[in-house]
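See structure below.
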Protein chains: 2
Amino acid sequence: MITVDLTKNQTLVLNTLSRASGPLSAYTILDQLRAEGFRAPLQVYRALEKLLERGLVHRLESLNAFVACAHDHDHAHGLTAFAICEKCGQVSEFSDEIVEGRLKDWAGKSGFRAAKTTIEIRGNCANCA
Amino acid sequence: MITVDLTKNQTLVLNTLSRASGPLSAYTILDQLRAEGFRAPLQVYRALEKLLERGLVHRLESLNAFVACAHDHDHAHGLTAFAICEKCGQVSEFSDEIVEGRLKDWAGKSGFRAAKTTIEIRGNCANCA
DNA sequence: TTGACATATGTAATAACGTTACATATCCAT
DNA sequence: ATGGATATGTAACGTTATTACATATGTCAA
């Protein structure tokens with residue numbers, strides 16, 4: 001077992017995101033956890049930071065919000081892309097080796113060392129379109 | 001000539017971004033334009049909104065900041081990707097038809113109607129790496 | 001078991017980013 | 001010149017994120 005246990009606050013934040021049907025802002029998470037004793041944004045941001053490091057949670061940059069990772073556990077995934085429905089808020093997570101490869105190629109020939117890549121498609125999902 | 005003239009505020013904001021060596025936040029733009037009479041964030045956001053619509057400016061979602069488009073004028077470009085150096089702040093703009101095609105394919109088979117796509121690579125540029 | 005260090009937590013204050021609401025001005029076609 | 005659309009000015013507020021500082025808890029080695 002490589003996995004380190006989550007702390008109490010990390011568990012609370014992850015559970016909140018897992019139960020949600022869509023992305024939540026840090027402040028929404030805070031509000032949902034006031035009953036559990038949360039009082040300040042930092043409690044949420046600190047838990048999110050650890051969860052992001054472990055890939056259990058993703059940050060949606062174009063939304064300033066967070067979602068639980070759709071995949072099981074800690075399995076390392078490559079580049080993840082997100083499709084975000086602006087009507088219903090649903091987020092689909094997918095990856096594409098070819099896209100990943102093309103971006104790697106660009107980085108290679110430009111000498112750019114990539115640390116993190118964000119791909120977010122905003123629009124309307126099949127149900128809402 | 002299809003192009004509509006920019007207003008005074010739009011011109012000021014675009015010039016500020018064009019002169020900058022990297023992305024600027026709306027509030028940094030505001031500060032740089034106080035001498036020209038800017039007093040409130042809304043003056044900046046309103047100008048940015050129009051400039052974004054016309055493709056003269058891009059918003060970097062992962063930075064909450066804005067850059068002047070690297071290309072000439074109003075020419076419609078497809079999907080644009082950004083590589084953002086976290087050391088020197090320099091931003092490179094590029095596009096890749098294959099990436100664009102793959103994302104379109106994904107949208108097609110998922111029934112997702114894309115309105116806007118964000119691709120941002122954070123890391124270090126060739127000079128800084 | 002104690003002491004030293006790293007990690008986690010609690011709390012307040014503040015900074016940074018963005019929007020709503022409302023009033024006024026300017027442009028342009030009729 | 002007047003009516004509508006667009007642009008601007010200003011204040012207040014809402015939302016997102018960080019800094020600073022104090023306290024607690026866990027781990028490991030002497």
Side-chain angles (χ1 to χ4, degrees), chain A residues 1-17 20 22-54 56-67 84 86 89 116 118 120 122, chain B residues 1-17 20 22-54 56-67 84 86 89 116 118 120 122:
Chain A
M1 196 59 156
I2 302 154
T3 307
V4 178
D5 280 337
L6 296 175
T7 67
K8 177 161 163 283
N9 286 2
Q10 289 161 23
T11 304
L12 287 166
V13 168
L14 181 56
N15 286 344
T16 302
L17 284 172
L24 300 181
S25 76
Y27 279 75
T28 302
I29 296 170
L30 174 58
D31 287 340
Q32 296 196 10
L33 289 177
R34 290 205 188 271
E36 315 294 332
F38 273 46
R39 319 299 311 281
L42 195 47
Q43 296 175 292
V44 176
Y45 283 110
R46 286 203 278 228
L48 285 171
E49 181 181 12
K50 298 301 183 182
L51 295 168
L52 288 165
E53 274 170 14
R54 293 178 57 173
L56 298 173
V57 159
H58 300 288
R59 175 186 174 88
L60 300 176
E61 302 286 356
S62 69
L63 244 38
N64 294 329
F66 305 85
V67 284
I84 302 164
E86 296 183 327
K116 178 164 196 301
T118 297
E120 294 177 18
R122 304 280 297 264
Chain B
M1 195 61 156
I2 303 153
T3 307
V4 179
D5 280 337
L6 297 174
T7 67
K8 176 160 164 284
N9 286 2
Q10 289 162 21
T11 304
L12 287 166
V13 168
L14 181 56
N15 286 344
T16 302
L17 284 173
L24 299 181
S25 75
Y27 278 74
T28 301
I29 297 170
L30 174 58
D31 287 340
Q32 296 195 10
L33 289 176
R34 290 203 188 272
E36 316 294 331
F38 272 47
R39 319 299 313 279
L42 195 47
Q43 294 175 292
V44 176
Y45 284 110
R46 286 202 278 226
L48 285 171
E49 182 182 11
K50 296 302 182 182
L51 295 169
L52 287 165
E53 274 171 14
R54 293 178 56 172
L56 298 172
V57 159
H58 300 290
R59 176 187 174 88
L60 300 175
E61 302 287 355
S62 68
L63 245 37
N64 295 330
F66 305 84
V67 284
I84 302 165
E86 296 183 327
K116 178 164 197 301
T118 296
E120 296 177 17
R122 305 280 297 264

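Proteins get letters first, then strands, A, B, ... in listed order; numbering begins at 1 in each. All values below come from the heavy atoms of this structure, side chains included, with hydrogens, waters and symmetry mates left out.
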By side-chain hydrogen bond (donor to acceptor under 3.5 Å, both in side chains) - contacts of B:Gln43 (at least two apart): none
Protein-nucleotide distance (B:Glu49, atom CD; D:dT6, atom P), rounded to Å: 12 Å
Short side-chain N/O contact to C:dA8 OP1/OP2 from A:Lys50, under 4.0 Å: yes
d(CD, A:Gln10; C1', D:dT25) in whole Å: 14 Å
Salt bridge (charged side-chain N to carboxylate O under 4.0 Å, His left out) partners of B:Glu61, counting only residues at least two apart: B:Arg59
Axis-to-axis angle between the two ends of the helix from C:dT1-D:dA30 to C:dT30-D:dA1 (five base pairs per end, rounded to 10 degrees): 20°
A:Thr7: partners by side-chain hydrogen bond (donor to acceptor under 3.5 Å, both in side chains), with sequence neighbours left out: A:Gln10
side-chain contact (heavy atoms from CB on, under 4.5 Å) partners for A:Ala26, two or more places apart: A:Val44, A:Tyr45, A:Leu48, A:Phe66
Side-chain N,O (A:Gln43) to OP1/OP2 (C:dG10) below 4.0 Å: yes
Could I get a table of every N or O pair under 3.5 Å where one atom is in the protein and the other is in nucleotides 23-29 of chain C?
none

Pair listing, salt bridge (Lys or Arg N to Asp or Glu O under 4.0 Å) test, anchored in residues 7-17 of chain A, at least two apart: none
Minimum-distance nucleotide (side-chain atoms of B:Asn9 versus D:dG9, D:dA7, C:dA8): D:dG9
Partners meeting side-chain contact (heavy atoms from CB on, under 4.5 Å) with A:Glu86 (sequence neighbours left out): A:Arg122
Within residues 30-38 of chain A, residues whose heavy atoms come under 4.0 Å of DNA chain D: none
Base versus backbone protein contacts along nucleotides 11-18 of chain D [heavy-atom cut-off under 4.0 Å; B, S, -]: -----BBB
Residues in side-chain contact (heavy atoms from CB on, under 4.5 Å) contact with A:Glu49, at least two apart in sequence or another chain: A:Glu53
Phosphate contact (C:dT9 OP1 or OP2) by A:Thr7 side-chain N/O below 4.0 Å: yes
Qualifying side-chain hydrogen bond (donor to acceptor under 3.5 Å, both in side chains) pairs, either residue in residues 22-34 of chain A, two or more places apart: A:Ser25-A:Thr28, A:Asp31-A:Arg34
